[in-house]
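This report concerns only the one structure given below.
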Protein chains: 2
Amino acid sequence: MPDILLDPDEQPTAPTRSLSVTDRIRAAILAGEFEPGARLHEVRLTEWLGVSRTPVRSALQALAAEGLLEYTPNRGFSVRRFLTSEIVDAYEIRAMLESLAARLAAERGLNADERAIIEQALADGDALLAKDELSEDDRIAYGAVNFAFHDTIHTASRCRMLGEMVRLCQRVPQSSHRNVVSFELMDVRRRHDDHHRIYDAILMSEGHRAEMLMREHVASVKTSLVRALSGRPTPTRYRR
Amino acid sequence: MPDILLDPDEQPTAPTRSLSVTDRIRAAILAGEFEPGARLHEVRLTEWLGVSRTPVRSALQALAAEGLLEYTPNRGFSVRRFLTSEIVDAYEIRAMLESLAARLAAERGLNADERAIIEQALADGDALLAKDELSEDDRIAYGAVNFAFHDTIHTASRCRMLGEMVRLCQRVPQSSHRNVVSFELMDVRRRHDDHHRIYDAILMSEGHRAEMLMREHVASVKTSLVRALSGRPTPTRYRR
DNA sequence: TGTCCTAAAAATGTATACATCTTATGTTGA
DNA sequence: TCAACATAAGATGTATACATTTTTAGGACA
């Protein structure tokens with residue numbers, strides 16, 4: 001019984017009940033408030049959320065289409081089980097999709113706005129990572145920087161479908177890996193350096209190089225994730 | 001007003017009205033029965049389909065999640081417009097996704113069933129393409145062969161998300177390109193030969209080679225499509 | 001004790017009435 | 001004539017009653 005759903009003061013985040021209910025159930029799933037495989041009974045959700053079955057059903061359908069729930073006719077919705085291997089594989093897919101986005105961005109070029117956003121993200125990252133240690137706030141701030149960089153490249157690929165699919169890859173429950181992947185400072189610095197090189201390649205219209213750099217960039221996150229999940233230590237290199 | 005929706009004898013294809021209505025509306029959209037950008041009014045669909053608004057709304061939501069419709073709160077659903085560039089780009093994405101699937105299949109290996117299906121598909125294709133000319137039935141038969149080959153590789157990648165995303169790439173309206181892409185016999189033969197090589201690479205666990213072959217294999221469809229759309233003729237090479 | 005059958009309970013599927021929002025229409029005012 | 005507003009019509013959003021299916025519970029029988 002997720003506490004997140006019981007707050008009566010919560011303001012609607014979306015124009016319709018269906019959409020705001022979708023957001024709340026999605027948040028609960030991604031936060032791990034439901035057991036994997038658990039059935040989501042419409043009437044219970046109805047009671048928790050204080051709305052009728054109509055918007056609840058609407059939300060469940062939407063979440064099933066997103067891949068967070070599984071649907072069986074006449075048998076309802078249940079939380080989709082994600083194997084660790086599926087979470088890891090999602091990074092393989094992202095590596096392919098984002099490397100394509102980088103190549104297309106290089107081939108098709110950035111506009112002034114996009115260049116400005118990325119350059120700001122690179123500068124902000126440089127400033128953050130100049131510190132000797134990252135606070136929790138710093139990590140959150142770097143997360144925003146990282147998002148801005150990748151999201152802008154998706155936009156610059158001029159390919160709506162790509163961005164949508166990357167988003168699908170990221171919508172995976174068991175957010176444990178999100179925390180796990182908040183890595184060593186060394187790793188973050190290296191990845192930020194990747195960003196610089198990728199941007200260079202895009203600016204120089206070096207499509208193939210941008211693709212390869214981005215592929216390795218995302219794949220390295222997979223590697224870190226696998227290492228973290230298997231409990232092995234981060235290898236030490238020229239640490240200050 | 002699509003005729004396809006007016007046949008009262010049509011048998012339900014799915015266990016619930018919602019699902020069968022989803023199938024029928026999807027088919028109508030993919031067949032181009034609705035103008036791109038056209039609003040899909042719930043009550044009209046209700047009349048055409050002979051069901052209440054509940055399953056219609058359910059279907060529209062599902063199709064919006066598939067990317068075939070666009071949804072605006074309080075303003076309903078409309079047929080998503082697909083630019084030609086988006087249809088072409090979908091092949092770029094497919095090339096990345098399917099090449100990943102081929103590599104994973106090579107790395108993870110095929111089971112006996114999968115080997116049998118692919119070998120049957122290759123043999124059937126060999127037999128079909130031995131003819132001097134393909135009838136319409138032959139083309140349909142080869143389409144099934146082609147599907148079996150690709151679908152089995154998706155399965156063998158052991159990565160559910162990959163198959164789902166490829167399916168998203170293929171669900172695109174304006175099926176004109178489907179017809180356009182039913183190419184010259186020469187092209188089909190070459191692509192079938194690709195299938196042989198890709199299978200060889202997978203059997204030999206040559207992941208990188210399988211990936212590269214598949215990437216070019218799918219990309220070549222994009223090239224043919226672009227050529228067909230631009231009205232240029234198919235280049236002639238050593239034609240018998 | 002275990003299996004099978006039957007009936008009740010509960011869950012999902014569907015239809016429909018009502019609420020809310022959008023859009024169209026037409027009137028008023030300058 | 002045109003803009004702005006008011007109203008009505010129509011469309012979507014929501015709640016709820018009813019239908020159908022699934023699940024559960026209990027008992028008969030071997």
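Numbered from 1 within each chain, the chains take letters A, B, ... in sequence-line order.
Separating the CG atom of A:Leu19 from the C1' atom of D:dT12 is a distance of 12 Å, rounded to the nearest angstrom. In this structure, CZ of A:Arg57 is placed 14 Å from C1' of D:dT14, rounded to the nearest angstrom. The interatomic distance linking B:Phe77 (CZ) with C:dT22 (P) rounds to 16 Å, in whole Å. The separation between B:Gln61 atom CD and D:dG13 atom P is 9 Å, rounded to whole Å. At whole-Å resolution of the value, CD in A:Glu42 and P in D:dT14 are 15 Å apart. The distance between atom CZ of B:Arg44 and atom C1' of D:dA11, rounded to the nearest whole Å, is 10 Å.
Mapping A:Val43 and B:Asn74 onto DNA chain C by nearest heavy atom places A:Val43 at the nucleotide closer to the 5' end. Of the two residues contacting DNA chain D, namely A:Arg39 and B:Pro73, the nearest-nucleotide position lying further toward the 5' end is that of B:Pro73.
With hydrogens and angles ignored, no donor-acceptor pair under 3.5 angstrom links the side chain of A:Arg75 to the base of C:dG13.
Distances shorter than 4.0 Å separate none of the side-chain N or O atoms of A:Thr16 from OP1 or OP2 on D:dT12. A:Arg17 has a side-chain polar atom (N or O) that falls below the 4.0 Å cut-off from OP1 or OP2 of D:dA15. OP1 or OP2 of D:dT14 sits under 4.0 Å from a side-chain N or O of A:Ser18. Taking only side-chain nitrogens and oxygens, B:Ser52 comes nearer than 4.0 Å to OP1 or OP2 of C:dA15.
Across all strands, A:Leu60 comes closer than 4.0 Å to no nucleic acid atom at all (heavy-atom distances). The residue A:Tyr71 sits close only to the backbone: its heavy atoms come under 4.0 Å of sugar-phosphate atoms, none of a base. Contact annotation for B:Ser58: no contact, since no heavy-atom pair falls under 4.0 Å across all strands.
Residue A:Arg53 has its side chain nearest to C:dT14 when only D:dT22, C:dA15, C:dT14 are considered. Listed nucleotides: C:dG13, D:dA11, D:dA15. Nearest to the side chain of B:His41: D:dA11.
B:Ser224 and B:Arg191 are linked by a side-chain donor-acceptor pair at a separation below 3.5 angstrom, with hydrogens and angles left out of the test. Side-chain atoms of A:Glu98 and A:His217 form no donor-acceptor pair, as typed in the model, at a separation below 3.5 Å. Judged purely by distance below 3.5 Å, without hydrogens or angles, the side chains of A:Ser135 and A:Asp138 pair a donor atom with an acceptor atom. In summary, the side chains of A:Gln61 and B:Ser58 do present a donor paired with an acceptor at a separation below 3.5 Å, with no hydrogens or angles considered.
Ion pairing between a basic and an acidic side chain is recognised when a charged N comes within 4.0 Å of a carboxylate O; B:Glu107 and B:Arg103 show such pairing.
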